[in-house]
Number of protein chains: 2
Amino acid sequence: MRDVDIAEAARLSGVRASTLRFYEEKGLIASHGRRGLRRLFDPAVLDRLALIALGRAAGFSLDEIATMFAPDGRPRIDRRMLAAKAEELDRTIRKLNAMRDGLRHAAACPAPSHMECPTFRRLLRAAASGAIGERKARRPPRKSLAATGREKGRAREP
Amino acid sequence: MRDVDIAEAARLSGVRASTLRFYEEKGLIASHGRRGLRRLFDPAVLDRLALIALGRAAGFSLDEIATMFAPDGRPRIDRRMLAAKAEELDRTIRKLNAMRDGLRHAAACPAPSHMECPTFRRLLRAAASGAIGERKARRPPRKSLAATGREKGRAREP
DNA sequence: CTGCCAGTTCAAGTCAACTTGAGGTCAAGG
DNA sequence: CCTTGACCTCAAGTTGACTTGAACTGGCAG
């Protein structure tokens, strides 16, 4: 199989066609040529998309991910950057662990009001002092599964 | 101390005055009255801000947090909601753990290119298949420490 | 009495990562 | 040859949580 079109790339990668165009515009991927108007991608774009997905999942921004590719297109990933991100993740994980335990306790706590539960109040103080850093769960994607191939006809979610 | 003004509330809570106004507009906090134009807050607003900070840190949206207050202003937190959030955090934590370990390995891996490292490729596949859900580390706040009290004169970051 | 300046309002801007809309093109099938 | 519909471009919209700008106000020090 040589040269996949955008619908196929979308189907195979699970990334929407509009996102592929967006990524191309951002320089994260490149189309190899055109057939008429239509982009043609090298199948290697799928590896690249996987790497992008991995980077996103690890918490890298698209701009950061862009730096992970050498000019020749092959990944050139700074190991120190990976280690730093691992450290960052570790810190995040520790905070989330504390938060989860606190929530769990608060959920099970028999105190009539949460305000009377020492554990909850301790959490509260930690949050107020900023000891439990910010974080935000990404809003879920529209559809993570492979697209249907049709782009216009997709049922629009309200 | 009865009735803090916005600058004081900001100083004591570490939340910016503009954010306090925003929270008030959203109905998350309420000012108790005015002196001239200036809002006056009941000191209890500080507890409320702590609870909001906690909720944010746990990953609740402001809208969700808004539901955690009874009409009388006292927190009325659904324990099942806390348990559910704890579960969610737990899932997130597991994914982040896997990601951290993978990154750690990739950072230390002796393979000449990451693409030749089986662990890295396994991670890649997991990410491509969506097994490692989305997440996004919130961009860091401007200043987590207590504000200076001046709002206009603050050095603007470029 | 006057001016200062921290406070006020309201609209608009920011950021990231996409998505959507309108209007256009073209390769292939009938 | 003509239609069809998937793809194209480019601009603008979306989301959440705020921040910023411009124009204004009023309590208090001098």
Side-chain angles (χ1 to χ4, degrees), chain A residues 4-11 14-29 31 33-41 52-53 55-57 59-66 134-144 147-158, chain B residues 4-11 15-29 31 33-41 49 52-53 55-57 59-66 134-144 147-158:
Chain A
V4 293
D5 73 0
I6 200 170
E8 185 124 19
R11 191 172 55 75
V15 174
R16 302 185 70 167
S18 66
T19 305
L20 293 177
R21 283 191 279 266
F22 173 69
Y23 281 177
E24 183 178 21
E25 197 180 352
K26 269 228 139 192
L28 286 167
I29 59 176
S31 53
R34 298 279 175 124
R35 174 166 54 225
L37 285 180
R38 311 184 174 196
R39 289 164 177 77
L40 293 176
F41 293 101
I52 293 170
R56 296 276 303 118
F60 290 102
S61 71
L62 292 183
D63 285 349
E64 283 172 316
I65 292 168
E134 330 277 303
R135 61 141 230 144
K136 183 75 211 302
R138 269 276 279 155
R139 87 190 96 145
R142 308 306 170 110
K143 199 76 169 70
S144 161
T148 60
R150 320 205 326 97
E151 192 172 4
K152 286 215 126 118
R154 197 175 356 91
R156 172 117 59 203
E157 66 184 2
Chain B
V4 293
D5 73 1
I6 200 170
E8 185 124 19
R11 191 172 56 75
V15 174
R16 302 185 69 169
S18 66
T19 306
L20 293 176
R21 284 191 279 265
F22 174 69
Y23 282 177
E24 183 178 21
E25 197 180 352
K26 269 227 137 193
L28 286 167
I29 59 175
S31 52
R34 299 278 174 126
R35 175 167 50 225
L37 284 180
R38 313 187 171 197
R39 289 163 176 77
L40 293 176
F41 293 101
L49 287 170
I52 293 170
R56 297 278 300 119
F60 290 102
S61 71
L62 291 183
D63 285 350
E64 283 171 315
I65 292 169
E134 331 277 304
R135 61 141 233 143
K136 184 76 210 307
R138 270 274 282 158
R139 86 190 100 144
R142 310 307 172 110
K143 199 74 168 75
S144 162
T148 60
R150 320 208 326 98
E151 192 172 3
K152 286 212 128 120
R154 199 176 352 92
R156 173 118 57 203
E157 66 184 0

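It should be emphasised that the depicted structure is a prediction, and the values quoted were computed from it without experimental measurement. Order of the sequence lines sets the chain letters (A, B, ...), proteins ahead of strands, with each chain counted from 1.
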Atom-pair distance (CG on A/D5; P on D/dG5), nearest Å: 17 Å
Nucleotide C/dT9, atom P - distance to CZ of B/R21 in whole Å: 7 Å
Any B/R39 side-chain N or O less than 4.0 Å from OP1/OP2 of C/dT9: yes
Any B/Y23 side-chain nitrogen or oxygen under 4.0 Å from OP1 or OP2 of D/dA17: no
Beyond-backbone contact of A/L20 with A/R39, side-chain heavy atoms, under 4.5 angstrom: no
Spacing between B/I65 atom CD1 and D/dG16 atom P, to the nearest angstrom: 13 Å
Pairwise side-chain contact, B/I29 with B/I52, heavy-atom cut-off 4.5 Å (strictly under): yes
Short side-chain N/O contact to D/dC7 OP1/OP2 from A/R16, under 4.0 Å: no
Side-chain (B/R34) to main-chain (B/L37) donor-acceptor, under 3.5 angstrom: yes
Length of the CG-C1' vector between A/L28 and C/dC18, whole Å: 13 Å
Interatomic distance, B/F22 atom CZ to B/R16 atom CZ [nearest 0.5 angstrom]: 13.5 Å
For atom CZ of A/R56 and atom P of C/dA16, their distance in whole Å: 11 Å
Residue met sooner reading DNA chain D from 5', once A/L40 and B/F22 are mapped to nucleotides: A/L40
Nucleic acid footprint by protein, nucleotides 25-30 of chain C - heavy-atom cut-off 4.0 Å, B for base, S for sugar-phosphate alone: BSS---
pair A/V4-A/L40: side-chain heavy atoms closer than 4.5 Å: no
Short side-chain N/O contact to D/dT19 OP1/OP2 from B/S18, under 4.0 Å: yes
B/T19 side-chain N/O to D/dT19 phosphate OP1/OP2 under 4.0 Å: yes
B/L62 side chain reached by B/K26 side chain, heavy atoms, under 4.5 Å: yes
Interatomic distance, A/K26 NZ vs D/dT9 C1' [rounded to whole Å]: 19 Å
Pairing of B/R11 and B/E8 as salt bridge, 4.0 angstrom limit: yes
Rounded distance in Å - CD (A/E24) to P (C/dC18): 15 Å
Nearest-angstrom distance from the residue atom CG of B/L20 to C1' of C/dT8: 14 Å
